[in-house]
Amino acid sequence: MDQIETVEFVKKYLEDLLTFFDLNLEVSVKIEDGIVVASIPHSERSSILIGRNAETLRSIQNLLSTALHHKAASTVRVNLDIADYKKAARWKKLPKRARGWIGGSLD
């Protein structure tokens, strides 16, 4: 499976999964640095798709990676984000990391 087929497979896989939750959303999928980067936009059911401590999100990500592996895809590493959850989590952690970098407090 080449990169174009991989992108199409992941897009269809995620959109089919979303129909299970009665959601009709446009999924964004691309390949960056050998990693499939997929993004599901915010919806009224985003919290269900993310799960507690992002457990459901990680599970969907692992399912995708396993499915790609079984399809003999050239790229099997997957980074899935739902409703920009991961992006927001990184921003929340940034001040704590910055304090560690400078060895003090940020006020």
Side-chain angles (χ1 to χ4, degrees):
M1 181 182 297
D2 66 17
Q3 288 189 349
I4 293 171
E5 292 171 323
T6 299
V7 167
E8 291 171 355
F9 175 81
V10 170
K11 185 172 176 59
K12 180 163 178 16
Y13 188 99
L14 288 173
E15 288 175 350
D16 287 350
L17 177 73
L18 292 172
T19 60
F20 177 77
F21 292 96
D22 203 24
L23 293 170
N24 186 17
L25 299 171
E26 182 72 24
V27 176
S28 167
V29 181
K30 58 187 172 184
I31 295 181
E32 289 181 352
D33 300 324
I35 300 171
V36 176
V37 179
S39 179
I40 298 174
H42 178 75
S43 75
E44 66 276 0
R45 295 192 182 102
S46 291
S47 61
I48 293 170
L49 295 171
I50 295 168
R52 178 176 282 173
N53 297 319
E55 290 173 1
T56 307
L57 186 154
R58 283 193 303 275
S59 295
I60 296 169
Q61 185 173 278
N62 287 335
L63 282 170
L64 269 171
S65 182
T66 301
L68 288 170
H69 179 74
H70 286 293
K71 290 282 192 179
S74 59
T75 305
V76 297
R77 290 184 57 201
V78 177
N79 182 7
L80 172 65
D81 201 359
I82 299 172
D84 290 332
Y85 176 85
K86 288 182 177 178
K87 191 182 296 184
R90 275 182 261 149
W91 278 105
K92 287 178 183 176
K93 293 177 184 176
L94 189 59
K96 183 178 179 180
R97 286 184 180 171
R99 280 191 286 277
W101 294 330
I102 63 172
S105 66
L106 295 175
D107 295 323

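Sequential numbering from 1 along the given sequence is applied to the chain's residues.
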Q.
Here's a test for you: under side chain to side chain contact (heavy atoms under 4.5 Å, CB included), which of Thr6, Val36, Leu64 qualifies with Val29?
A. Val36
**Q.** Smallest separation among heavy atoms of Pro41 and Ser46, with atom names
**A.** O-OG, 4.1 Å
Q: Would you check if Val10 and Val27 make a side-chain contact, meaning some heavy-atom pair closer than 4.5 Å?
A: no
(Q) Please give me the minimum heavy-atom distance between Leu80 and Lys86, naming the atom from each residue. (A) O-NZ, 2.9 Å
Q.
Looking at Asn79 and Val37, would you say the former's side chain and the latter's main chain have a donor-acceptor pair under 3.5 Å?
A. no
Q.
With a 6.0 Å cut-off (strictly less than), is the heavy-atom count around CG of Asp16, excluding the residue itself, greater than 12?
A. yes
Q. For the atom pair CZ (Phe20) and CG (Leu18), what is the distance rounded to the nearest 0.5 Å?
A. 11.5 Å
Q.
Please give me the minimum heavy-atom distance between Thr56 and Gly51, naming the atom from each residue.
A. OG1-CA, 3.5 Å
(Q) Measuring only between side-chain heavy atoms, which start at C-beta, is Val78 closer than 4.5 Å to Leu68? (A) yes
Q) So, for Thr75 and Gly34, which heavy atoms are closest and what is the spacing to 0.1 Å? A) CG2-O, 3.0 Å
Q: Run the numbers on Asn24 and Thr19 for side-chain contact (heavy atoms from CB on, under 4.5 Å), then give the verdict.
A: CA-CA 6 Å; Asn24 186 17; Thr19 60; 5.8 Å; no
(Q) Can you confirm whether Tyr13 sits close enough to Leu63 that some side-chain heavy atom of one is under 4.5 Å from a side-chain heavy atom of the other? (A) yes
Q. From Glu5 CD over to Gln3 CD, what is the distance, rounded to the nearest 0.5 angstrom?
A. 11.0 Å
Q. Donor-acceptor pair, Thr66 side chain versus Asn62 backbone, under 3.5 Å?
A. yes
Q: Working to the nearest 0.5 Å, report the span between CD1 of Ile60 and CG of Leu17.
A: 5.0 Å
Q: Could you tell me which non-hydrogen atom of Asp2 sits nearest to which non-hydrogen atom of Ser74, and how far apart they are?
A: C-OG, 4.0 Å
Q. What distance do Ile50 atom CD1 and Ile82 atom CD1 have between them, rounded to the nearest 0.5 Å?
A. 5.5 Å
Q) Just how far is it from atom CG of Leu57 to atom CG of Leu49, taken to the nearest 0.5 Å? A) 8.5 Å
**Q.** Residue pair Glu15 / Leu25, side-chain heavy-atom distance below 4.5 Å
**A.** no
Q. Do any pairs count as a salt bridge (Lys or Arg N to Asp or Glu O under 4.0 Å) and have a residue in residues 34-61, sequence neighbours left out, and if so which ones?
A. none
(Q) Donor-acceptor check, side chain of Ser28 to backbone of Ser39, threshold 3.5 angstrom: yes or no? (A) no
Q | Summary of salt bridge (Lys or Arg N to Asp or Glu O under 4.0 Å) pairs that have at least one residue in residues 21-40, sequence neighbours excluded | A | Lys11-Glu26, Lys30-Glu32
